[in-house]
Peer 1: 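Here it is, the structure, as structure tokens.
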2 protein chains.
Amino acid sequence: MQVLRAMKSTSVSTEKDRADGPEGNQSGKREQTKLANRAAILEAGRQIFAELGYEGTTVRDIIRRTELASGTFYNYFKSKEEVFHALHDDGVARFKPLLRAARQSAGQDFQAFMITAFEAYFNFLLNDQSVDREMAAMPEWTRVRFDTPESLALFDELKDDIVAFATEFQLDHVDPELLTASCVGIAQEIGDRLLRGRIKDIHAAARFAAYFVLGGSQRVQSEMQA
Amino acid sequence: MQVLRAMKSTSVSTEKDRADGPEGNQSGKREQTKLANRAAILEAGRQIFAELGYEGTTVRDIIRRTELASGTFYNYFKSKEEVFHALHDDGVARFKPLLRAARQSAGQDFQAFMITAFEAYFNFLLNDQSVDREMAAMPEWTRVRFDTPESLALFDELKDDIVAFATEFQLDHVDPELLTASCVGIAQEIGDRLLRGRIKDIHAAARFAAYFVLGGSQRVQSEMQA
DNA sequence: TACGATGTTGACGCGCTGTCAGGATTTCGC
DNA sequence: GCGAAATCCTGACAGCGCGTCAACATCGTA
């Protein structure tokens, strides 16, 4: 049973769903069902991952929370890993504009950019309905980390921003690769502690991270050119 | 078949293994077999994890590389996770003295401590026969991270060192939790890029990290007390 | 040597995986 | 509208890994 039919009783436009957007192709019933099925699997996955952890969940667990048959799962995803990647990438896509906004509002102010960016990330971590949030908050010893192309693209974008500021401030002896890695590492590790409640104050953490990066960069610059 | 018997032809003391160390109890054949079996499982696990990745390996894969029966595995470990934790903890145990040596040789020199510690960690990562090394070097998107009690104890030890230096240098406005998190994050992320060959020069990376932390700490101190 | 203690073995039931033939539903051409 | 074709859903199935356990083998001890 497709989820579209299951939801027929609730609130899905069934009457006249012709004449939609210009380039859109969500008219056909088949298209709708596919979209709905995919969304249902993703939502079920989000829930189950949060409940059972990545290792603990099975494809069956996900599909069972759905009105679909087990075989249908494989029409949409190859494995639970692919579901998780999709969810993860969704999170990355939601965060990306926040990072861009930080750069936008900061102008040429490196410090403002850093504070805003870190704070945006920490807020995102703690508030966004992301898989990663629930998972990282679980008291497991063995956790899972993902480097999807989306993640890597985000890192590259961040690196570009950092390079731009580094050029601006003549940090020409600071390896951008190392600098970006440090920023990412700091964000990850502090973010992790925020999720676990070992650290409380988001704003203070963001300021710490920002000042740390600024001071660190300058120190590296002066030491390396010596 | 226990591994002891299998190795009889090679080089295991089988003749007179009475009269061993004072408090030691590796005399009995049973004790020896247990030790050998455990070691065989760990060694097989190390190999298989490196070949198939964490997700990809099964308990059967591990036990198959051994001369033991499948049921025997569960006399020694509850799951592949426990095997991995044991291997991981071995690595931590091997690294711990290196960190202590760094602190010892550095004396009161914060900068020397940082450089030595980072360099020790990076060298360890790249050279030690550790599970984590092989695994991190695999081109997988989804990786696994472990926070065993051993790891956490190591972090705590590092934090104590850092607190000591921070006190020494009157960095009283620098939150030790945040500072330790930053150091760990930087080490992790740069280490990861070293393993993947995105960064080559270990010594340069260690100097970068050390200067970064020093400069970062000082900047945080001066900004936070303002 | 004999007997209890301890460790090993591998077959078993269970659940999950990924597939596929058969069936249901939608789309398209007329 | 209608029938054919395309598309997608379904659930049963074979294969495999998991953890267990009764039967067996080996060791320690007297």
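Note: hydrogens, waters and symmetry copies are ignored here, and every other heavy atom, side chains too, is used. In the text below, chain A, chain B and the rest are named by the order of the sequence lines, each starting its count at 1.
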Peer 1: Might you list the N or O atoms of the protein lying below 3.5 Å from N or O atoms in nucleotides 28-30 of chain D, with each pair's distance?
Peer 2:
| from | atom 1 | to | atom 2 | distance (Å) |
| --- | --- | --- | --- | --- |
| dG28(D) | OP1 | Lys29(B) | N | 2.7 |
| dG28(D) | OP1 | Arg30(B) | N | 3.4 |

Peer 1: Can we say Glu189(A) and Arg145(B) salt-bridge, meaning some charged N sits less than 4.0 Å from an Asp/Glu carboxylate O?
Peer 2: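 Salt bridge flag = yes for Arg145(B) with Glu189(A).
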Peer 1: Tell me, please, which residues at least two apart from Ala44(A) pass side-chain contact (heavy atoms from CB on, under 4.5 Å).
Peer 2: Ile62(A), Arg65(A), Thr66(A)
Peer 1: For Glu157(B), I'd like to know if atom CD has over 12 heavy atoms of other residues, nucleotides or ligands within 6.0 Å.
Peer 2: yes
Peer 1: Return all side-chain donor-acceptor pairs below 3.5 angstrom for residues 114-123 of chain A, not counting sequence neighbours, or 'none' if the list is empty.
Peer 2:
| from | atom 1 | to | atom 2 | distance (Å) |
| --- | --- | --- | --- | --- |
| Thr116(A) | OG1 | Ala112(A) | O | 2.5 |
| Glu119(A) | OE1 | His203(A) | ND1 | 2.9 |
| Glu119(A) | OE2 | His203(A) | ND1 | 3.2 |
| Asn123(A) | ND2 | Glu119(A) | O | 3.3 |

Peer 1: Out of Asp160(A), Val184(A), Val92(A), which one pairs with Phe155(A) under the side-chain contact (heavy atoms from CB on, under 4.5 Å) rule?
Peer 2: Val184(A)
Peer 1: Would you check if Ile186(A) and Phe212(B) make a side-chain contact, meaning some heavy-atom pair closer than 4.5 Å?
Peer 2: yes
Peer 1: What's the CD-C1' distance between Glu82(A) and dG18(C), to the nearest Å?
Peer 2: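 Atom-to-atom, Glu82(A) to dG18(C), this comes out as 14 Å.
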Peer 1: Report the distance from atom CG of Asn75(B) to atom P of dA5(C), rounded to the nearest whole Å.
Peer 2: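 Result: 18 Å.
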Peer 1: Using the test ring pair (Phe, Tyr, Trp, His ring centres under 6.0 Å), find all partners of Phe113(B) that sit at least two apart in sequence or belong to another chain.
Peer 2: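 Partners of Phe113(B) by the ring pair (Phe, Tyr, Trp, His ring centres under 6.0 Å) criterion, ordered by chain and then number, come out as Phe165(B).
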Peer 1: What does the B/S/- profile of nucleotides 13-20 of chain D look like, 5' to 3', with a 4.0 Å heavy-atom cutoff to protein?
Peer 2: ----SBBB
Peer 1: Calculate the interatomic distance between Lys34(B) atom NZ and dT26(D) atom C1'; express it in whole Å.
Peer 2: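 For the pair Lys34(B) NZ and dT26(D) C1', the rounded distance is 14 Å.
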Peer 1: Can you tell me the distance, in whole Å, between the OH atom of Tyr76(A) and the P atom of dT7(D)?
Peer 2: 14 Å
Peer 1: Round to a whole Å and report the spacing from CD1 of Ile62(A) to P of dG18(C).
Peer 2: 11 Å
Peer 1: Tell me the salt bridge (Lys or Arg N to Asp or Glu O under 4.0 Å) pairs involving residues 70-95 of chain B, sequence neighbours left out?
Peer 2: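 Checked against salt bridge (Lys or Arg N to Asp or Glu O under 4.0 Å) - neighbours excluded - the pairs reaching residues 70-95 of chain B are Lys78(B)-Glu82(B), Arg94(B)-Asp128(B).
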Peer 1: In this structure, how many angstroms lie between the P atom of dT25(C) and the CG atom of Asn37(A), rounded?
Peer 2: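 To the nearest whole Å, that distance equals 14 Å.
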Peer 1: Give the rounded distance in Å between these two atoms: CD1 of Ile41(A) and C1' of dC9(D).
Peer 2: 11 Å
